[in-house]
A.B. asks: 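Got a structure here, written out as structure tokens. Questions coming.
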Amino acid sequence: MHPPLTLHKHPMCAEIIEQFQKCHIEHPIAKFFGECTDLKIKLDRCFREEKAVKRKANFEESKKIKEQLRALRKENAASSSP
């Protein structure tokens with residue numbers, strides 16, 4: 001199973017998504033017998049790579065936010081201490 005194949009949500013995989021959808025249209029019955037399997041495998045790999053890139057970006061962003069919070073807490077602790 002794969003996520004919804006919307007191009008705007010998966011810009012890294014747009015070309016493979018289009019090929020996969022075209023394969024399903026051109027082979028409405030053969031798709032059930034493995035005609036589009038190679039594209040499906042490529043699509044799954046692309047989604048995994050895309051997810052890894054997003055995960056790394058989110059992790060970097062969270063590190064920045066955590067560092068900002070630590071700085072704010074230090075600042076607040078220093079200003080509230082007599």
A.B. asks: Count I, L, V, M, F, W, Y as connected when their side-chain heavy atoms are under 4.5 Å apart, and connections chain through other members. Are L43 and V53 then in the same cluster?
C.D. replies: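 Not linked; separate clusters.
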
A.B. asks: Can a salt bridge be assigned to the pair E67 and R70 using a cut-off of 4.0 Å between side-chain N and carboxylate O?
C.D. replies: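 R70 and E67: salt-bridged.
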
A.B. asks: Using distance only, find each side-chain donor-acceptor pair of residues 8-22 under 3.5 Å and give its atom names and separation, not counting sequence neighbours.
C.D. replies:
{"residue": "H10", "atom": "ND1", "partner": "E50", "partner atom": "OE1", "Å": "2.7"}
{"residue": "H10", "atom": "NE2", "partner": "P4", "partner atom": "O", "Å": "3.4"}
{"residue": "Q21", "atom": "NE2", "partner": "L5", "partner atom": "O", "Å": "3.4"}

A.B. asks: How long is the span from the CD atom in Q68 to the CD1 atom in I65, to the nearest 0.5 Å?
C.D. replies: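 Taking CD in Q68 and CD1 in I65, the distance rounds to 6.5 Å.
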
A.B. asks: Find out whether K63 and E60 are in side-chain contact, i.e. whether some heavy atom of one side chain is under 4.5 Å from a heavy atom of the other.
C.D. replies: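 SC-SC contact between K63 and E60 confirmed.
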
A.B. asks: To the nearest 0.5 Å, what is the distance between CG (L39) and NE2 (H24)?
C.D. replies: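 It is 8.5 Å, given to the nearest 0.5 Å.
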
A.B. asks: What is the distance from atom CD of E61 to atom NZ of K54, rounded to the nearest 0.5 Å?
C.D. replies: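 One gets 15.0 Å once the value is rounded to the nearest 0.5 Å.
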
A.B. asks: I'd like to know if K42 pairs up with D38 as an ion pair, taking the criterion as any Lys NZ or Arg NE/NH1/NH2 lying under 4.0 Å from an Asp or Glu carboxylate oxygen.
C.D. replies: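 No, K42 and D38 are not salt-bridged.
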
A.B. asks: Do you know which two heavy atoms are closest between F59 and S62, and how far apart they sit?
C.D. replies: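 Taking every non-hydrogen atom into account, O-OG, 2.8 Å.
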
